[in-house]
Amino acid sequence: MSGQKKEFPITWGMVIDIDKCTGCGACMASCQTENNVEPQREASNKLRATSWMLVYELTNDKAFPNHDIAYLPRPCQQCGNPPCVSVCPVIATDKNEDGGIVSQVYPRCIGCRYCVAACPYHVRYFGWYDPIWPEGMEKTLSPMTSVRPRGVVEKCTFCHHRWTQAKDAARVAGKDPDNLDDGAYVTSCVQNCPSGALAFGDIKNPKHKVHELVKSPYAFRLLERLGTDTQVYYISRREWVRKLGDNYLKSE
Amino acid sequence: MSFIEIEKTWYPEGVERCSLGKFMKWLSVLGVVALYGFFAMIVCFAYGLGVTGLDNYFGFGLWITFDLAVIALGAGAFFTGLLRYIIRIDELKNIINLTVIKGFICYSGAMLILSLDVGQPIRSWFGYWHPNVHSMLTEVIFCITCYLMVLIIEYIPLILEQKQINKIPFLHNLAHQMHVVMPLFAGIGAFLSTFHQGSLGGMYGVMFARPYAFRDGFFIWPWTFFLFVLSAIASGPCMTVLICGFMEKITGRKLTTYRVKSLMCKIGGTMLLIYTVFKYLDTWAWINDILPRAGLTFDQMFYGMVYGKWLFFSELVLCLIVPVICLLTPLRKKPFFMYTGAILACAGVVINRYVFTVQALAQPVLPFTKWEIYTPNWAEWATSLMVIAYGFIIMSLSYRYLPIFPQEVGLNKK
């Protein structure tokens, strides 16, 4: 609908098999610890809680015995045509990086929250309070991820630091850092998913599993008709789940 | 000579003002409201925006609505300046000072709220240092600050015309020279203000993943760019008339002729009619093109009472058609209809800014999410009221000590 899609030789993407997801929340927990998201002081307020990875419960709204539910994990969709990037007044968020990952530069962000307003996936979170870790818990902080001050917007980065580590490891091993093996770089949520519902890799690399998965007839993306062109794909064999991926008129 | 006697020598030539005691009581009431808001502001700065009613669903709320509304209503300044100095409608000289002060209050107040609204106010200058030329908000940041400077430049000669200050030859001459170059600043102000009024509309129109707000474009601008400009220049003059009428009511003095107010309302009404035509076309295109493309229907844009269709019809019928009739027909000759039309025109622009700010975010775009309801809390109300109290204080002081209304002496001769 607006803007132009940027193409990258390496395009990191995630494929989430909704039919395999049990809604256990391991992806959410691993994301929080990996990325130094502070312990939530207002966890009861779901509109204030920070969840870079959030699991939605979907329902087909039918009565028993036809009732069915599904769980939909939602990281940042890393849009090819991100609604958030063009609106940021200070270029705190951008999609110029190789890999097609939408970046977020915390020291640049002024906290205007225009990107929050522009994103229909609700993946952007604002720091409402100063982050405080209970005494002793600060020892669990990951040295690989920055701690954000209050007043800036933060979001899932596909555990970008892990890519840096994977490239370093490839260089040490004498391999090409721009042609990583499948699984050499995976996000924290993918690594910790107990049911194997999440897969991660370079969508453009035929050696990576996700390259084939995105071509599945059951694959779909959220809100495709808006033209955001996301790099997160979902798979479900259930039609009602696929239909919930986008808005449809009765006539369609 | 006592202070009370000295204070009387500060009034503009030939006017009457209420007693100093009465004026101080009035200022005290406003001061209490302003202080309460100031306290809320300190709390926001000290503890972060967690003390407000905003959340990750509603990144924009009362503050942004308030900002957009006062900036639109303050648009009387740039548009009246344009008509007075560039188009040369001479009669507007009788109300131009009021519009300048109103513009200054609205823009400085909006800046105050914006400094609260950003999570990192100390970094606000990043908008200049790291500008994203594709962002409508960058344009807003540039234009709004530049235009505030223009308004300050326009306000200074008014202050210099204060009776005692004007006795100083240098300041007298400075005021005169500033008046000479005022058409230039009126032109710059009109340019800057037009663009940032448009950019504020563009801010919403470019959100292509938010079908409630998204609009297709005319070159690089979405339709909302032009709609916001038109609605601002329609409601701005009406707001000036309302302020003038309100001041006449509480001071008990005639400040300008009905003819001047009627002319302002006629200008506002004409712009409102043009806006109405485009707004209806825009709404038709939104319902029949943009929403179906997004897989949504008109009915899905509304929810319950708080985001109900009553808002839509209030904005598009009650606050557009009715004021157009009141302001552009002979009905305008009757004060009741003129003021009703002006109030409705201003209410319409406030509703418009509210729905674009809040309802656009509340409307669930993801099919498996639900409508959320936003309620501003005390911190947001208190700070917004602070800006209103600040506006009243500036206007009260200006009215008491500055020669704002050239017709006041003549109209109140006994």
Side-chain angles (χ1 to χ4, degrees), chain A residues 1-3 41-42 45 47-50 56-59 72 74 79 81 83 85-92 107-122 124-130 149-153 222-223 225-228 243-250 252, chain B residues 47-52 54-60 64 114 117-127 129-132 134-141 203-204 206-211 213-214 216-217 222 290-297 300 357 360-361 364-369 372:
Chain A
M1 272 186 168
S2 176
R41 75 184 70 177
E42 264 204 75
N45 183 352
L47 300 180
R48 276 277 178 84
T50 302
Y56 285 95
E57 186 184 273
L58 314 185
T59 169
L72 183 137
R74 185 242 49 200
C79 306
N81 177 24
V85 165
S86 58
V87 301
C88 175
V90 293
I91 325 179
R108 176 77 70 86
C109 176
I110 62 171
C112 70
R113 303 185 297 284
Y114 192 8
C115 56
V116 176
C119 174
Y121 304 106
H122 306 291
R124 288 180 167 265
Y125 293 88
F126 183 72
W128 299 100
Y129 303 98
D130 279 316
R150 83 164 190 233
V152 302
V153 175
L222 294 182
L223 301 175
R225 67 175 68 200
L226 294 185
T228 50
K243 284 212 84 170
L244 269 180
D246 210 341
N247 294 296
Y248 290 94
L249 298 171
K250 277 182 184 168
E252 293 172 332
Chain B
Y47 297 103
L49 297 183
V51 299
T52 67
L54 296 164
D55 54 47
N56 289 320
Y57 212 93
F58 295 99
F60 296 164
I64 297 294
L114 281 176
D117 191 74
V118 292
Q120 293 281 342
I122 295 169
R123 296 180 189 170
S124 297
W125 59 280
F126 283 15
W129 205 251
H130 309 287
N132 175 11
H134 302 289
S135 174
M136 288 281 173
L137 190 52
T138 305
E139 197 175 316
V140 171
I141 291 171
M203 267 182 70
Y204 293 101
V206 296
M207 296 200 299
F208 65 88
R210 292 285 193 172
F214 176 66
D216 282 318
I290 292 170
L291 290 182
R293 261 192 279 154
L296 294 164
T297 62
Q300 284 175 288
T357 303
L361 303 185
V365 185
L366 280 170
F368 43 85
T369 50
E372 298 290 347

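Proteins come first, then strands; the chains are lettered A, B, ... in the order of their sequence lines, and each starts at number 1. What you are looking at is a predicted structure, and each value in this text was computed from that prediction instead of being measured.
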For each of [options], tally heavy-atom pairs with chain A at distances under 4.5 Å, and name the one with the top tally.
options	result
B/Gly217, B/Pro367, B/Gly127	B/Pro367
B/Met203, B/His134, B/Glu372	B/Met203
B/Ile122, B/Thr138, B/Leu137	B/Leu137
B/Ala213, B/Pro292, B/Ser124	B/Pro292
B/Thr52, B/Thr297, B/Val51	B/Thr52

Please classify the contact of [X] with chain B as side chain, backbone, both or neither, using a heavy-atom distance under 4.5 Å.
X	result
A/Cys119	backbone
A/Ala92	neither
A/Ile110	both
A/Tyr56	side chain

Problem - Partners passing ring-ring contact (aromatic ring centres under 6.0 Å, His included) against B/Tyr47 (at least two apart in sequence or in another chain) - result: none

Exercise for the section: Using the side chain to side chain contact (heavy atoms under 4.5 Å, CB included) rule, take B/Asp117 and A/Arg113 through it: C-alpha gap first, then chi angles, then the decisive distance, then the call. Expected result: CA-CA 9 Å; B/Asp117 191 74; A/Arg113 303 185 297 284; 3.1 Å; yes

Exercise for the section: Dump the intermediate steps for side chain to side chain contact (heavy atoms under 4.5 Å, CB included) on A/Tyr114 and B/Ile64, then the final yes or no. Expected result: CA-CA 11 Å; A/Tyr114 192 8; B/Ile64 297 294; over 6 Å; no

Exercise for the section: Could you look at B/Thr369 and say if it's the side chain, the backbone, both or neither that has a heavy atom under 4.5 Å from chain A? Expected result: side chain

Practice task
Please look at B/Leu296 and chain A and tell me whether the side chain, the backbone, both or neither of the residue comes under 4.5 angstrom of a heavy atom of that chain.
Solution key: both

Practice task
Using side-chain contact (heavy atoms from CB on, under 4.5 Å) as the criterion, list what pairs up with A/Ile91, not counting sequence neighbours.
Solution key: A/Asp94, A/Arg108, B/Asn132

Pairwise distance [atom1]([X]) to [atom2]([Y]) - rounded to 0.5 angstrom:
X	Y	atom1	atom2	answer
A/Leu47	B/Tyr57	CG	OH	8.0 Å
A/Trp128	B/Leu54	CH2	CG	4.5 Å
A/Asn81	B/Phe208	CG	CZ	4.0 Å
A/Ser86	B/Met136	OG	CE	9.5 Å

Handout entry: side chain to side chain contact (heavy atoms under 4.5 Å, CB included) partner of B/Leu366, chosen from A/Asn247, A/Leu223, A/Asp246
Key = A/Leu223

Problem - Non-hydrogen atoms of B/Ala209 and A/Ala118 that approach each other most closely - result: CB-O, 3.9 Å

Problem - 4.5 Å side-chain heavy-atom contact, B/Pro211 and A/Leu226 - result: yes

Practice task
Answer yes or no: is there a side-chain heavy-atom contact under 4.5 Å between B/Val206 and A/Pro83?
Solution key: no

